[in-house]
Enquirer: 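There's a structure below that I have some questions on.
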2 protein chains.
Amino acid sequence: MTAIPWLTQLQENGYRLTEARRAVVETVQGSTHALTPLQVFDLARKKYPALGLVSVYRTLEKLEELHLIQRVHQPSGCQAFISAGSGHQHLLLCQNCGKVEFFEGDDLEVLTEAIARRTGYQIKEHWLQLFGLCQNCQ
Amino acid sequence: MTAIPWLTQLQENGYRLTEARRAVVETVQGSTHALTPLQVFDLARKKYPALGLVSVYRTLEKLEELHLIQRVHQPSGCQAFISAGSGHQHLLLCQNCGKVEFFEGDDLEVLTEAIARRTGYQIKEHWLQLFGLCQNCQ
DNA sequence: TTGTTATTGAAAATCAATTTCAATTAGAGA
DNA sequence: TCTCTAATTGAAATTGATTTTCAATAACAA
Ligand SMILES: [Mn+2]
Ligand SMILES: [Mn+2]
Ligand SMILES: [Zn+2]
Ligand SMILES: [Zn+2]
């Protein structure tokens with residue numbers, strides 16, 4: 001719920017703790033919606049008006065590198081980021097407001113094995129994403 | 001196997017049949033790999049050297065609009081296109097060479113209903129994509 | 001064959017993302 | 001606390017993909 005663990009992890013990986021980073025981290029960490037770099041910029045500038053857009057890109061890059069955030073692919077575009085789920089998880093996205101939920105417990109073993117057999121592919125991983133309307137947007 | 005149905009469908013939708021379009025359509029229609037606009041350009045120019053990159057973008061736009069091609073999302077980027085599957089299908093992609101296979105027969109009913117109940121979302125659709133290595137690339 | 005209008009490719013414009021750079025600042029060590 | 005240095009900053013320039021503009025061309029209906 002707090003941004004401190006992310007800031008700590010940045011520091012533990014040799015990155016310095018700055019105002020710009022703090023603003024970006026607090027913005028992304030606390031969001032229940034996937035945010036584009038520009039959206040992060042607009043929100044984070046409220047916390048730290050001197051922030052430059054470049055620092056948003058640079059911080060997002062580091063957060064992705066540390067697997068603290070992940071890119072969200074949508075029909076409307078693939079530039080948005082959200083706090084990464086822990087372990088093997090999948091996304092459920094609201095088509096209207098972009099609200100994100102994680103879920104796990106899909107069981108694709110049987111399916112992937114059948115497809116591997118039929119196609120001759122060696123299957124390594126999968127993407128599963130659900131789209132719909134959140135309670136607010138129905 | 002032939003590009004004629006696509007060309008016919010373009011014509012039926014009021015679009016004229018030109019050399020540029022024919023070259024792009026033949027290139028994309030016949031490919032087993034997802035192709036970026038630039039890859040389409042390079043391949044289609046062999047058929048029609050006067051082709052401009054702009055016409056590639058414009059033709060891909062129309063083919064997507066008619067649901068003859070679909071965008072392919074990958075960790076490495078989301079600009080590539082492939083012939084669209086018919087009906088409800090999913091993709092299996094080779095992580096090495098980009099070869100694409102379609103499959104169907106996933107059964108996510110139980111899963112999506114459980115998640116709908118738990119999250120309160122009304123689930124409308126899903127994306128399922130498998131990644132691996134094709135026979136050639138293993 | 002003719003006329004209209006969609007389509008073309010080249011060039012210019014746009015837009016997001018990246019790189020460059022000189023000034024600033026975090027934070028390690030004294 | 002003070003000093004030093006390398007990381008970080010935001011502005012500006014650059015890049016690269018995509019879109020728009022435009023005058024010339026060509027598809028195709030009549
Ligand atoms: Mn899974
Ligand atoms: Mn399905
Ligand atoms: Zn919503
Ligand atoms: Zn392959």
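Here the structure is a predicted model, which means the values were calculated and not measured.
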Enquirer: A:Q39: what forms a side-chain contact (heavy atoms from CB on, under 4.5 Å) with it, not counting sequence neighbours?
Expert: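 side-chain contact (heavy atoms from CB on, under 4.5 Å) list for A:Q39, sorted by chain: A:L35, A:T36.
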
Enquirer: Using a 4.0 Å heavy-atom cut-off, does B:Q79 contact any base of the nucleic acid, only the sugar-phosphate backbone, or nothing at all?
Expert: sugar-phosphate

Enquirer: Distance-only, no hydrogens or angles: does the B:S31 side chain make a donor-acceptor pair with backbone N or O of B:T27 under 3.5 Å?
Expert: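 No, B:S31 side chain to B:T27 backbone: no donor-acceptor pair under 3.5 Å.
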
Enquirer: Taking only residues two or more places apart in sequence, or in another chain, which ones meet A:D42 in a side-chain contact (heavy atoms from CB on, under 4.5 Å)?
Expert: A:R45

Enquirer: Who pairs with B:N13 by side-chain contact (heavy atoms from CB on, under 4.5 Å), at least two apart in sequence or on another chain?
Expert: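 With sequence neighbours excluded, B:N13 shows a side-chain contact (heavy atoms from CB on, under 4.5 Å) to B:Q9, B:Y15, B:L66, given in chain and number order.
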
Enquirer: Which salt bridge (charged side-chain N to carboxylate O under 4.0 Å, His left out) pairs, counting each pair once, include a residue from residues 120-138 of chain B, with sequence neighbours left out?
Expert: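 Passing the test, one end in residues 120-138 of chain B: no pairs.
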
Enquirer: Quick one: B:L60 CG to D:dA17 C1', roughly how many Å, whole number?
Expert: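 Computing the B:L60:CG to D:dA17:C1' distance gives 14 Å.
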
Enquirer: Which residues end up grouped with A:V110 if you chain together Ile, Leu, Val, Met, Phe, Trp and Tyr wherever their side-chain heavy atoms are less than 4.5 Å apart?
Expert: none

Enquirer: Determine yes or no for a side-chain-to-main-chain donor-acceptor pair under 3.5 angstrom, with A:R71 supplying the side chain and A:C78 the backbone.
Expert: yes

Enquirer: Mind listing the residues from residues 36-52 of chain B sitting with a heavy atom below 4.0 Å of DNA chain C? Number order is fine.
Expert: B:Y48, B:A50, B:L51, B:G52

Enquirer: Check side chain to side chain donor-acceptor pair (under 3.5 Å) between B:T112 and all other residues, then give those that pass, not counting sequence neighbours.
Expert: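 Partners of B:T112 by the side chain to side chain donor-acceptor pair (under 3.5 Å) criterion come out as none, since no residue qualifies.
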
Enquirer: Between protein and nucleotides 28-30 of chain D, what N or O pairs are separated by less than 3.5 Å?
Expert:
from   : atom 1 : to    : atom 2 : distance (Å)
D:dC28 : OP1    : B:Q11 : NE2    : 3.2
D:dC28 : OP1    : B:L17 : N      : 2.7

Enquirer: Kindly indicate whether the side chain of A:V28, heavy atoms from C-beta on, has any atom under 4.5 Å from the side chain of A:W6.
Expert: yes

Enquirer: Within the sub-3.5 Å range, which N or O atoms of nucleotides 20-25 of chain D have a protein N or O partner, and how far apart are they?
Expert:
none

Enquirer: To the nearest Å, give me how far apart CG (A:L35) and C1' (C:dA16) are.
Expert: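 The distance from CG of A:L35 to C1' of C:dA16 comes to 17 Å, rounded to the nearest Å.
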
Enquirer: Just checking A:L17: does its CG atom have more than 12 heavy atoms from other residues, nucleotides or ligands closer to it than 6.0 angstrom?
Expert: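 It does: A:L17 CG has more than 12 such atoms within range.
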
Enquirer: Just the rounded figure in Å: distance from C1' of C:dG9 to CZ of B:R21.
Expert: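 Between C1' of C:dG9 and CZ of B:R21: 14 Å.
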
Enquirer: In residues 68-77 of chain B, what residues come within less than 4.0 Å of DNA chain C, judged by heavy atoms?
Expert: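 Within residues 68-77 of chain B, no residue comes under 4.0 Å of DNA chain C.
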
Enquirer: Calculate the interatomic distance between A:K62 atom NZ and C:dT18 atom C1'; express it in whole Å.
Expert: 13 Å

Enquirer: Which residue pairs pass the ring-ring contact (aromatic ring centres under 6.0 Å, His included) test with at least one member in residues 68-100 of chain B, sequence neighbours excluded?
Expert: A:H73-B:H73, B:H73-B:W127, B:H88-B:H90, B:H88-B:H126, B:H90-B:F103, B:H90-B:H126

Enquirer: Expressed in angstrom and rounded to an integer, what is the separation of A:L53 atom CG from D:dA12 atom C1'?
Expert: 13 Å

Enquirer: Applying side-chain contact (heavy atoms from CB on, under 4.5 Å), can you list everything that pairs with B:E26, at least two apart in sequence or on another chain?
Expert: B:A3, B:R22, B:K47

Enquirer: Is there a donor-acceptor pair closer than 3.5 Å between any side-chain N or O of B:R21 and the backbone N or O of B:R16?
Expert: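 Yes.
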
